[in-house]
Amino acid sequence: MTYQATTIPSARQSVRAELDTGTVIHLWLKSRRPGEVATMSVELDGIELQQVATARTEEFEFCKVALPRGGSLELSYDAKATDVSVIYAFLPTRVQNEGIRVLHHSAENAPPALSDGYHFRPLFGWMNDPNGFGRFGGQVHLFYQHYPHSLRWNTMHWGHAVSNDYVHWRHLPVFLFPSDDLSQRNDGRGGAFSGSAIAATGQGGDDIRVFYTEQVRDRKPEEQIQLSATSLDGLSAEPSTVILPERPGGLDLTLDFRDPYVFKGPDGRWKMLIGSRDKAGGVVLLYETLDPVGADGWTFLGTLHRENRYGMTAAECPCMVPLGDAGTSETRWALIFGLLTSRDQRGRRNMTSVTVGRFDGQSFTPELEQELDFGSDAYAFQAFVDDGGPVGIAWLANWTDVSKKEDFPTAMTLPRRVLWDGTAVLTPPVEGVNALRHAELDGTGRLAAGERLPLENGAVEIELDLSSPGAAFELRFDHTDIDLALRLDAEGLEILFGERGGKASPRYLAAGARPSTVRVFLDAGSIEVFADNGRWTGTKRLPTFMGVKAAQLSQGNGSIASARVWQLKL
Ligand code: FRU
């Protein structure tokens, strides 16, 4: 009789990689069994360097490992006892050029499986608002609201990426972490909320100073306070200090007091905007400091602006840029902010408005107001003044579509310039977007002639020149899951969006628009429309990641003087 040893199913998991000397590894793990410690063994060339361990069961704990030398790394753990969310590796000296290397993510925080998307998305986890958008040390930095461990909003971190052209991004290590207390649980009690960044040296050096809101739900007397931290290496933040521990008194503000946006005023001083709310509606608060690096001395100057349309509650993510030379009193400034919980007469939610006016460093005199985006899925727009003028980017989503029960992968909009044509603010895509044109799909007028044009994987740009301003047309798109079209008629320019069998959609209409040119950017999960160089800009997130399969003019082919279509590729 032969005996066969019973094989105990092994739950041992390994993550292996060849890594260079000085590589740093960030990983998050937690225990699957209450009362038991989760461990992970770190081996280099077969020799154990150390064990990382945690007894936490609710939320993943962050651990950092620095390799003393290069070699074959093996991270191994018992998957029955240890749950691992993310592991990435990077060389601090090269990561700005190479980006991090993700060695592991889980099913819960996996990015959508897209081969050819050209919009910015995180490598893992949840993303909302852009934060700290600016040029530091010669590169464009984009930070963002981030939760690494699932595709749903939760305790906020700041993710981070850099680019030279706003289009191709390199992902950097997680930049800001929630406080130790908030990090213990995944109950969404707060974290490092939205904010902004400036070059701390003022010399365009590598130091970055960030400003953000620390939110702690139910903290008394303030749930939201303003913190600041510097980064000396452009990768990680030094410990934060509190710069504004409370709301200004005597204004009867609600607990909303968030999203510090710091910028240079016309008087050369650092100014800070903060979004808030009182009984009458949303308010934007103005602070300033004489400190050349913005570290301290922030004093309240007053209420810069208020807005109460469309049933809005708080003003969120305010941002302000000069539409010309910041130093002259002739220059107009654009004040842009989100109208939280707003709902307009066409059913659009969470609108963003642009108010143009004069700003002397103390008070703002509005002259005109327009909507930032007729598609209303460009939220928390944040801009900074780059060498060629202001450039902004927004979260390509709308809080009204976010459910606590469902995963909701998101992207950023295409980066946009913020221009002034003397009568209106224009937000066309940055020039770098032209480099995405990979192959021409139609240059001979097939679309203009009414032919059904297949769009390959659906990552395309369509550029239409109209035969006269406002010449009516309707361009229909074939999509497996939704109804989608773009229509121009006497009412204006409209993204027609419908979820089959779903609830009635708002009308995404740029009322009265009569453009002469229209650029449409389609990607898996989004449509962006820029008419007349961004005089009318419309952004709509599309459910699912199926690409648009084809486009066809269903009416008005005489209206299209020429149409060109490109396949886009990063
Ligand atoms: C806007 C916002 C901000 C807040 C952040 C939290 O989308 O609500 O006001 O700081 O998201 O993630």
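For the single chain, residues carry numbers from 1 onward in sequence order. Since the structure is predicted, the reported quantities are computational estimates derived from the model, not experimental observations.
Looking at Glu108 and Ser150, their side chains never bring a donor and an acceptor atom within 3.5 Å of each other. Side-chain atoms of Asn350 and Ser376 form no donor-acceptor pair, as typed in the model, at a separation below 3.5 Å. Using modelled atom types, one finds no donor on one side chain facing an acceptor on the other under 3.5 Å when comparing Ser85 with Ser106. Side-chain contact, His119 with Asp523: a donor N or O sits under 3.5 Å from an acceptor N or O. Under the 3.5 Å distance criterion, with hydrogens and angles disregarded, a donor-acceptor pair is assigned to the side chains of Ser562 and Asp465. Neither side chain, Arg500 nor Thr480, offers a donor N or O lying under 3.5 Å from an acceptor on the other. Between the side chains of Tyr166 and Asp386, at least one donor N or O sits under 3.5 Å from an acceptor N or O. Remark: the Asp373 side chain and the Thr539 side chain contain an N/O donor-acceptor pair separated by less than 3.5 Å. For the 3.5 Å distance criterion, the side chains of Glu74 and Ser14 qualify, holding a donor opposite an acceptor.
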message: side-chain hydrogen bond (donor to acceptor under 3.5 Å, both in side chains), that's the test. Do Tyr379 and Glu316 meet it? Break it down for me.
response: CA-CA 9 Å; Tyr379 199 65; Glu316 287 193 316; 2.7 Å; yes

- prompt: Hey, mind stepping through Phe133 and Phe384 against ring-ring contact (aromatic ring centres under 6.0 Å, His included) and telling me if it holds?
  reply: CA-CA 7 Å; Phe133 194 36; Phe384 74 99; 5.0 Å; yes

- prompt: Going through the checks in order, is the side-chain hydrogen bond (donor to acceptor under 3.5 Å, both in side chains) test met by Thr423 and Asp421?
  reply: CA-CA 6 Å; Thr423 58; Asp421 75 353; 3.0 Å; yes

- prompt: Where do Ser559 and Ser467 land on the side-chain hydrogen bond (donor to acceptor under 3.5 Å, both in side chains) test, with the steps shown first?
  reply: CA-CA 5 Å; Ser559 300; Ser467 47; 5.0 Å; no

message: Could you walk me through whether Ser72 and Glu18 satisfy the side-chain hydrogen bond (donor to acceptor under 3.5 Å, both in side chains) test, starting with their C-alpha distance in whole Å, then the side-chain angles of each, then the deciding distance to 0.1 Å, before giving a yes or no?
response: CA-CA 5 Å; Ser72 304; Glu18 290 299 318; 2.6 Å; yes

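The minimum heavy-atom distance linking Ala472 with Asp489 is given by the pair CB-CA, 4.2 Å. In terms of heavy atoms, Val95 sits closest to Leu172 at O-CD2, 3.4 Å. Nearest approach of His26 to Pro173, heavy atoms of both residues: CE1-CB, 3.8 Å. For the pair Thr155 and Asn186, the tightest heavy-atom approach, listed with the atom from each and the gap, is OG1-CA, 4.3 Å.
Of the possible donor and acceptor atoms, none in the side chain of Glu440 sits under 3.5 Å from a partner among the backbone N and O of Gln567. In terms of modelled atom types and a separation under 3.5 Å, the side chain of Ser353 and the main chain of Glu371 share no donor-acceptor contact. Remark: side-chain polar atoms of Asp442 are paired, donor with acceptor, to backbone N or O of Thr444 under 3.5 angstrom. A donor-acceptor pair is defined here as one N or O able to donate and one able to accept, closer than 3.5 Å; no such pair exists between the side chain of Glu491 and the backbone of Ala511. Judged by distance alone, with hydrogens and angles left aside, the side-chain atoms of Trp158 form a donor-acceptor pair with the main-chain N or O of Phe193 at under 3.5 Å. A donor-acceptor pair is defined here as one N or O able to donate and one able to accept, closer than 3.5 Å; such a pair exists between the side chain of Thr213 and the backbone of Asp259. Tyr261 places a side-chain N or O within 3.5 Å of a backbone atom of Ala383 that can act as its donor or acceptor partner. Using modelled atom types, no side-chain atom of Thr427 and backbone atom of Val418 make a donor-acceptor pair closer than 3.5 Å. Side chain of Asp83 to backbone of Lys30: no donor-acceptor contact under 3.5 angstrom is found. Judged by distance alone, the side chain of Gln370 and the main-chain N or O of Leu372 form no donor-acceptor pair under 3.5 Å.
Rounding to the nearest 0.5 angstrom, the gap separating the CG atom in Leu75 from the CD1 atom in Ile25 is 5.5 Å. Phe473 CZ to Leu553 CG: the interatomic distance, rounded to the nearest 0.5 Å, is 7.5 Å. From Arg135, atom CZ reaches atom CG of Asn164 across 7.5 Å, with rounding to the nearest 0.5 Å. To the nearest 0.5 angstrom, Lys540 atom NZ is 4.5 Å from Phe497 atom CZ. One finds the OG1 atom of Thr355 at 5.0 Å from the CG atom of Leu335 (value rounded to the nearest 0.5 Å). If you take CG on Asn154 and CD on Glu59, they are separated by 6.5 Å, rounding to the nearest 0.5 Å.
Using bins of under 30°, 30° to 60° and over 60° for the plane-to-plane angle, the ring pair Phe120/Tyr144 lands in the perpendicular bin. Taking the six-membered ring where tryptophan is involved, the planes of Phe177 and Phe62 are tilted, since the angle between them lies from 30° to 60°. Tyr88 and Trp28 have tilted rings, their planes meeting at an angle from 30° to 60° on a 0 to 90° scale. Ring orientation note: the planes of His157 and His149 are nearly perpendicular, at an angle over 60° on the 30°/60° scale. Taking the six-membered ring where tryptophan is involved, the planes of His146 and Phe124 are tilted, since the angle between them lies from 30° to 60°.
Residues Phe530 and Val518 have side chains not in contact (no heavy-atom distance under 4.5 Å, counting atoms from C-beta outward). Considering only heavy atoms from C-beta on, Asn109 comes within 4.5 Å of Val86 through its side chain. In this structure, Leu522 and Phe477 have side chains that are in contact, with non-hydrogen atoms separated by less than 4.5 Å.
The pair Arg519-Glu528 does not meet the salt-bridge criterion, since no charged nitrogen lies less than 4.0 angstrom from a carboxylate oxygen. A salt bridge does not link Arg349 to Asp344: none of the charged side-chain nitrogens sits closer than 4.0 Å to a carboxylate oxygen. By the 4.0 Å N-to-carboxylate-O rule, Glu494 lies too far from Arg346 to be salt-bridged with it. The existence of a salt bridge linking Arg437 and Glu463 is confirmed by a sub-4.0 Å separation between a basic side-chain nitrogen and an acidic carboxylate oxygen.
Within a 6.0 Å radius of CZ in Arg514, no more than 12 heavy atoms belonging to other residues, nucleotides or ligands are found. Residue-environment remark: CD (Glu406) stays at or below the threshold of 12 foreign heavy atoms within 6.0 Å. Dense packing is recorded around CZ of Arg446, with more than 12 heavy atoms of other residues, nucleotides or ligands lying under 6.0 Å away.
Taking the centre and axis of the six-membered ring of Trp126, the NZ or CZ atom of Arg152 falls outside the cone set by 45° and 6.0 Å.
Take Glu474 and apply the salt bridge (charged side-chain N to carboxylate O under 4.0 Å, His left out) test, not counting sequence neighbours, and it matches Arg476, Arg487.
Only one option out of Glu98, Gln96, Gln139 pairs with Arg170 in a side-chain hydrogen bond (donor to acceptor under 3.5 Å, both in side chains); it is Gln139. When each of Asp129, Thr410, Asn128 is tested with Trp395 by the rule side-chain hydrogen bond (donor to acceptor under 3.5 Å, both in side chains), just one qualifies, namely Thr410.
For Phe143 and Tyr212, the ring centers are positioned 6.0 Å apart or more.
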